[in-house]
Number of protein chains: 2
Amino acid sequence: MFLGTYRHAVDSKGRVAVPARFREQLPTGTVISKGAEGCLQLYPPQEWAREQGLRLGSTTPAEERRLARMMFGAARECEFDAQGRIVLSADQRQYAGIANVAWVVGVNNLIEIWNDDNWRHIGEATPEEYTRIQDQVAERRRAPST
Amino acid sequence: MFLGTYRHAVDSKGRVAVPARFREQLPTGTVISKGAEGCLQLYPPQEWAREQGLRLGSTTPAEERRLARMMFGAARECEFDAQGRIVLSADQRQYAGIANVAWVVGVNNLIEIWNDDNWRHIGEATPEEYTRIQDQVAERRRAPST
DNA sequence: CTCACCGTCCCCACTTTTCCCCACTTTGTG
DNA sequence: CACAAAGTGGGGAAAAGTGGGGACGGTGAG
């Protein structure tokens, strides 16, 4: 279980420290790829395995083909240095719009990496906003047909 | 079962004492996160487990992605020091508007942490208000569709 | 084929934060 | 009134995060 938001520096070599709390839960075989809303996502092996359902074949619909290409094409296995940092490739930094700072966020089963603006926009919430969204999801769950 | 309201100090390091009565009911694995109306909430493990259904994957709808990010991003596993205190992160203190004092409130299955103003506003009630709200809830239960 | 350049990774040193420990104050209880 | 339990405050060691130098290997140009 990954919890919490951490603001970390990204140095000139593209390195970001993964919080120690997360690192100790990440076995080798962890994968980093692109995610929705312009973030990067770290998948522990067991979570990555769930995404294996997404495959190319003669009967795969166009949308899934596209998703599979983006997701797997952008993916890489994570390599930690002795300080617990991973390197974000130029490509990944560009996709996420990351320059000197990154927000590393634990989202239950995954870890996400965001730039300043996007995280402020998506992740931070005023009490009013938070209350509204919580109620919205609760409502939807109660009446899933809508 | 958590009952009662306690007014505790928050020191310069962001630490708050959890009342001893509550602490003895809290096993390891207790989680603190943001709650509705600008409070913080402490979930004992069995309560937190209910929230685990919310996961990220390539098929998670947008609203749930948003809620998951806010909720888990703001959460932390509680770590008690030898004096029975937990640390509220700067982020959590800002969300709840907590500076030097916090109200720690037992609300049956959860524990909530409030700042002065909000708690006065939400928690204290005149007899008239109390009656009105009780009737309102009773009404809704009778006709859940509204 | 050789050399220069670039990117990657490994290592070391410094800074900042966290958390562990101790001591004091206050509250509640016998 | 005295003792015990609960809450408060702060100092210091250890861990986590940050930044940069330099070796190694691969690539492309001359």
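Just so you know, these numbers come straight off a predicted model, no measurement behind them. Lettering of chains follows the sequences in order, A, B, ..., and the numbering in each one begins at 1.
Note on B:Arg7: nothing from the nucleic acid sits closer than 4.0 angstrom, heavy atoms only. Within the 4.0 angstrom heavy-atom criterion, no nucleotide atom of any strand lies near B:Val10. If you check every strand for non-hydrogen atoms under 4.0 Å, A:Val18 touches sugar and phosphate atoms only.
Other residues sharing the hydrophobic cluster of B:Trp119, ordered by chain and number and joined by side-chain separations under 4.5 Å: B:Trp103, B:Val105, B:Val107, B:Trp114, B:Ile122.
Counting only distance, with no hydrogens or angles, the side chain of B:Asp116 and the backbone of B:Ala102 share no donor-acceptor pair below 3.5 Å. A donor-acceptor pair under 3.5 Å is absent between the side-chain atoms of A:Thr30 and the main chain of A:Leu26, judged by distance alone.
Considering every non-hydrogen atom in both B:Gly4 and B:Phe22, the closest pair reads O-CZ, 4.0 Å. When every heavy atom of B:Tyr95 is checked against every heavy atom of A:Thr126, the shortest pair comes out as CE1-C, 4.0 Å.
Summarising the geometry, the separation between CD1 on A:Ile113 and C1' on D:dG17 is reported as 15 Å, rounded to the nearest angstrom. The separation between A:Arg93 atom CZ and C:dG7 atom P is 10 Å, rounded to whole Å. Rounded to whole angstrom, the span from the CG atom of A:Asp11 across to the P atom of C:dT8 amounts to 13 Å. Distance A:Glu24 CD to D:dG17 P: 10 Å, rounded to the nearest Å. If you measure from atom OH of A:Tyr6 to atom C1' of D:dA15, you get 13 Å, rounded to the nearest angstrom. With rounding to whole Å, A:Asp91 atom CG is found 12 Å from C:dT8 atom P.
Counting only residues at least two apart or on different chains, the salt bridge (charged side-chain N to carboxylate O under 4.0 Å, His left out) pairs with a member in residues 20-47 of chain A are A:Arg21-B:Glu79, A:Lys34-A:Asp91, A:Glu37-B:Arg65, A:Glu37-B:Arg69, A:Glu47-A:Arg50, A:Glu47-B:Arg55.
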Seminar exercise, completed: Whether each nucleotide of nucleotides 16-30 of chain C has a protein heavy atom under 4.0 Å at its base (B), only at its sugar-phosphate (S) or at neither (-) is summarised, 5' to 3', as ---BBBBB-------

